2 protein chains.
Amino acid sequence: MSSRPTIKEVSKIAGVSFKTVSRVLNNEKHVSEETRRRVEEVVARLNFRPSHAARTLAGRKSFQVGLLYDNPSPYYIYHVQTGAQQRCTELGYRLLLQPIDSQSPDLVSNVLALIDETHLDGLILSPPVTEATALLDELDRRSLPYVRIAPGTRKEAGMSASMDDVAAARELTAHLIGLGHRRIAMIRGLESHASSADRLAGYRAELEAHGIPFDPALVVAAENDFASGAAAARELLTLKDRPTAIFAGNDDMAAGALATAHESDIEVPAQLSIAGFDDSDLARAVWPPLTTIRQPVHELASAAAELILSGTAPQSRVTLEHKLMVRASTGPAPR
Amino acid sequence: MSSRPTIKEVSKIAGVSFKTVSRVLNNEKHVSEETRRRVEEVVARLNFRPSHAARTLAGRKSFQVGLLYDNPSPYYIYHVQTGAQQRCTELGYRLLLQPIDSQSPDLVSNVLALIDETHLDGLILSPPVTEATALLDELDRRSLPYVRIAPGTRKEAGMSASMDDVAAARELTAHLIGLGHRRIAMIRGLESHASSADRLAGYRAELEAHGIPFDPALVVAAENDFASGAAAARELLTLKDRPTAIFAGNDDMAAGALATAHESDIEVPAQLSIAGFDDSDLARAVWPPLTTIRQPVHELASAAAELILSGTAPQSRVTLEHKLMVRASTGPAPR
DNA sequence: TTGCGCACTGCCAGCGCTGTCAAATAAGGC
DNA sequence: GCCTTATTTGACAGCGCTGGCAGTGCGCAA
């Protein structure tokens with residue numbers, strides 16, 4: 001009674017062969033309008049749901065795509081997940097979320113295990129998994145479709161959804177320069193994230209475009225999190241000729257810098273401007289709210305899902321718009 | 001070549017029947033040590049992975065559990081996910097993450113569809129899905145095992161993993177009272193989240209235990225997010241006899257309150273103490289860092305996974321410890 | 001010597017679907 | 001009206017595994 005009905009029971013009640021029910025479920029043609037209606041009615045009445053396992057086993061598709069991630073930012077993960085999941089659900093697919101250690105020597109075999117076990121139809125890679133070239137090679141070899149979100153390397157190859165990190169970083173830097181800042185520091189993120197390099201490049205390019213010499217002493221490395229951002233800011237603020245603005249590679253590090261400023265009784269933005277990148281929850285939760293770049297994470301993920309599912313050209317690339325969000329953490333340079 | 005090997009190929013190479021390979025894979029007894037070794041060797045060499053779909057179809061278990069959530073907090077979701085996922089992976093299960101609208105009239109049928117499609121072995125419910133009684137009833141009827149994380153109602157029934165919200169709220173309130181505060185306001189969260197009520201109850205109980213009369217004017221409702229927390233704080237701070245401390249039902253609302261204080265040039269904690277609840281990322285990212293209750297989200301989820309997978313008594317309950325995190329957002333009451 | 005229990009192994013049905021192909025029926029052409 | 005072609009339907013194998021059961025070979029008691 002409470003156990004699930006099968007396709008055969010549906011067919012018996014509808015008075016057709018079970019193959020016909022299968023046709024209706026899969027929206028195949030060559031089913032008369034009348035038969036289709038009758039079957040659909042029984043399906044609805046019995047609340048029948050085809051067994052995913054059986055379809056996967058019998059057919060050549062599993063209606064499942066995997067999402068690989070290795071990113072400790074809850075905000076980023078959350079939006080990647082919801083973006084991809086929404087689109088997948090709409091298109092009748094299931095999304096398998098798979099956290100994974102992108103640095104592990106077993107990365108490739110772990111992913112292949114996942115693929116073999118679940119008969120995945122495709123894979124969405126989010127940074128930094130996007131940069132695991134050994135994995136990409138293996139996927140190519142198996143010709144398993146995959147899309148990369150914000151890839152850093154091999155940008156020309158395969159499918160991807162990205163934003164223009166260089167342009168965004170330039171825009172943010174231009175905003176600071178426009179406010180009169182000349183000594184602009186950068187807290188750069190993890191090397192393993194390709195976008196870190198792009199953001200640095202954009203920062204540097206914009207400085208140069210304005211004839212401001214690039215000063216390596218003003219670039220400090222951190223690890224994409226609050227604590228390392230705070231530490232980097234402490235380092236920057238002890239410089240003899242200290243910067244009037246700090247551009248952090250993401251919002252977490254910017255929040256860390258902000259905390260350092262508070263600690264040192266430096267007023268933001270009166271004495272020091274601080275900008276972030278991502279427009280995560282944090283950007284609006286700290287005080288003052290952060291000037292930052294809104295990264296369309298949700299949309300990137302949903303575009304990625306779209307790309308992989310709607311069988312487009314195997315090397316389609318989508319670029320989405322970022323947006324400079326000017327808030328209260330940046331202001332005119334002090335004189 | 002690149003396509004997955006099957007159990008039959010493994011058996012052929014190992015020189016045994018494919019049923020024996022199946023026995024090895026499932027760790028059944030009645031396989032001689034030598035045969036087992038030989039099979040395992042071939043499995044490793046071929047990198048064989050049993051098809052999940054086939055096992056599900058043939059067997060009576062799917063080795064899959066679902067995690068249902070409907071919570072807009074990236075931080076919370078992230079930790080629930082990773083906690084549950086880790087434990088599931090360790091125990092050889094796959095975790096299916098399923099966001100769902102707990103208010104939808106189709107909730108029950110949506111979940112049943114998921115169960116029927118994927119042959120789920122069990123379900124982990126996180127708040128506020130834990131309170132969907134129609135769903136719980138249906139799961140009971142089908143006798144599908146489920147665990148609830150931090151259930152609010154029917155606490156005595158079934159399996160659950162929770163913390164003591166009442167005790168935690170009392171502890172936090174006691175901390176504020178200990179600092180000399182007497183006019184302590186509360187920003188309470190969404191009614192749909194059962195823990196909101198518990199936290200309010202704990203706050204109230206502790207006040208009364210100290211002979212401080214409960215003042216309904218000091219309790220303002222908000223919606224668990226930054227913006228509504230900020231608005232609630234604005235309301236509280238315009239009171240003629242304004243509170244010296246605000247206890248917010250979660251960190252997001254506390255961060256909102258903090259922003260309101262900054263806006264109004266009220267010094268925290270010198271003129272106003274603010275406390276949160278959860279110890280999310282936010283708690284350490286804002287300035288000053290929030291005094292809050294550390295909620296063991298990760299551990300709760302992992303305990304929930306443990307409960308559902310290790311076939312314990314059908315009404316086991318696990319309670320985990322919270323911890324008061326005293327940081328800089330609370331201080332002695334101004335006089 | 002036979003019998004019996006036990007540890008191990010293999011055979012086969014069948015889980016609930018899809019793919020293939022053949023059969024049945026309807027529609028069109030003369 | 002008869003044959004051809006298109007449309008709709010059904011029969012059946014088989015996807016890769018597990019469950020049940022029927023062996024097979026061995027040691028040990030009778």
Side-chain angles (χ1 to χ4, degrees), chain A residues 3-40 42-43 46-64 92-94 113 115-121, chain B residues 3-40 42-43 46-64 92-94 113 115-121:
Chain A
S3 113
R4 55 193 313 293
T6 74
I7 199 175
K8 297 205 176 177
E9 301 175 41
V10 173
S11 70
K12 208 161 295 166
I13 297 179
V16 293
S17 77
F18 75 98
K19 175 66 215 192
T20 299
V21 177
S22 168
R23 285 198 183 88
V24 172
L25 293 175
N26 291 284
N27 269 312
E28 290 174 26
K29 48 193 163 193
H30 301 313
V31 180
S32 74
E33 239 354 278
E34 208 253 312
T35 312
R36 186 178 297 274
R37 261 200 323 89
R38 193 148 37 92
V39 170
E40 277 170 351
V42 178
V43 166
L46 294 193
N47 226 303
F48 167 76
R49 303 289 171 170
S51 156
H52 198 281
R55 311 181 84 168
T56 301
L57 190 55
R60 33 181 53 100
K61 303 187 63 174
S62 71
F63 296 95
Q64 294 187 131
Y93 277 70
R94 190 164 290 291
I115 294 169
D116 284 345
E117 272 174 24
T118 61
H119 307 251
L120 246 37
D121 289 340
Chain B
S3 113
R4 54 194 313 294
T6 74
I7 199 174
K8 297 204 178 177
E9 301 175 41
V10 173
S11 69
K12 208 162 294 164
I13 297 180
V16 293
S17 78
F18 76 98
K19 175 67 211 189
T20 299
V21 177
S22 169
R23 284 196 184 91
V24 173
L25 293 174
N26 291 285
N27 268 313
E28 290 174 27
K29 49 194 164 191
H30 300 314
V31 180
S32 75
E33 235 357 274
E34 207 253 309
T35 311
R36 186 179 298 274
R37 259 201 324 93
R38 191 147 39 92
V39 170
E40 277 170 351
V42 177
V43 165
L46 293 194
N47 227 303
F48 167 76
R49 304 288 170 170
S51 156
H52 199 283
R55 311 180 84 169
T56 302
L57 189 54
R60 30 182 55 99
K61 303 188 63 175
S62 71
F63 296 95
Q64 293 187 131
Y93 278 70
R94 190 163 290 289
I115 295 169
D116 283 346
E117 272 175 23
T118 61
H119 308 251
L120 245 37
D121 290 337

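Reminder, nothing fancy here: chain letters follow the sequence lines and each chain counts from 1. Hydrogens, waters and symmetry mates are skipped; everything else that's a heavy atom, side chains included, is used. This one's a predicted model, so the numbers in the text were calculated from it and none came from an experiment.
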Open item on the list: Apply side-chain contact (heavy atoms from CB on, under 4.5 Å) to residues A/Ile13 and A/Leu46 and explain how you reach the verdict.
Closed with: CA-CA 10 Å; A/Ile13 297 179; A/Leu46 294 193; 3.8 Å; yes

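Put simply, the side chain of A/Ile115 does not reach to within 4.5 Å of the side chain of B/Arg4, judged on heavy atoms.
Taking atom NZ of A/Lys19 as the reference point, atom P of C/dC17 lies 12 Å away to the nearest angstrom. Spacing between atom CG of B/Leu25 and atom P of D/dT18 amounts to 7 Å, rounded to whole angstrom units. Look at CZ on A/Arg55: it is 19 Å from P on C/dC15, rounded to the nearest Å. Straight-line distance from the NZ atom of A/Lys61 to the C1' atom of D/dC15: 17 Å, rounded to whole Å. Following rounding to the nearest Å, B/Lys29 (NZ) and C/dT9 (P) show an atom-to-atom distance of 15 Å. Rounded to whole angstrom, the span from the CG atom of B/Asn26 across to the P atom of D/dG20 amounts to 13 Å. Between the CZ atom of A/Arg49 and the P atom of C/dC17 there is a distance of 13 Å, rounded to whole Å. We find that CD of B/Glu34 is positioned 13 Å from C1' of C/dT9, with the value rounded to whole Å.
Remark: the B/Lys8 side chain and the D/dG16 base include no donor-acceptor N/O pair separated by less than 3.5 Å.
For A/Ser22, the listed nucleotide lying nearest its side chain is C/dT18; candidates were D/dT18, C/dT18, C/dG16. Closest to the side chain of B/Thr35, from the set C/dC11, D/dG16, C/dT9, is C/dT9. Listed candidates were D/dT9, D/dG10, D/dG16. Nearest to the side chain of B/Thr6 is D/dG16. When distances run from any side-chain atom of A/Phe18 to the nucleotides C/dC17, C/dG10, D/dG10, the shortest one goes to C/dC17. When each of C/dC15, D/dA11, D/dG14 is scored by its nearest atom to the side-chain atoms of B/Leu57, the top-ranked nucleotide is C/dC15. Here the nucleotide nearest the side chain of B/Ser32, chosen from C/dC8, D/dG10, D/dC17, is C/dC8.
Counting any heavy atom pair closer than 4.0 Å across all strands shown, A/Thr56 reaches no nucleic acid atom. Among the heavy atoms of the strands lying under 4.0 Å from A/Arg23 is at least one base atom, whether or not backbone atoms are also near.
In summary, A/Glu33 and A/Arg37 do not engage in a salt bridge, as defined by a charged side-chain N under 4.0 Å from a carboxylate O.
Nearer the 5' end of DNA chain C, as judged by each residue's closest nucleotide, is the contact made by B/Ser17, out of A/Glu28 and B/Ser17. Comparing A/Val31 and A/Gly59 along DNA chain D, the residue whose closest nucleotide (by nearest heavy atom) sits nearer the 5' end is A/Val31.
Side chain of B/His52 to backbone of A/Ala53: no donor-acceptor contact under 3.5 angstrom is found. No donor-acceptor distance shorter than 3.5 angstrom exists from the side chain of B/Arg23 to the backbone of B/Glu28, with no hydrogens or angles considered.
Side-chain nitrogen and oxygen atoms of B/Thr20 include at least one within less than 4.0 Å of the OP1 or OP2 phosphate oxygen of C/dG10.
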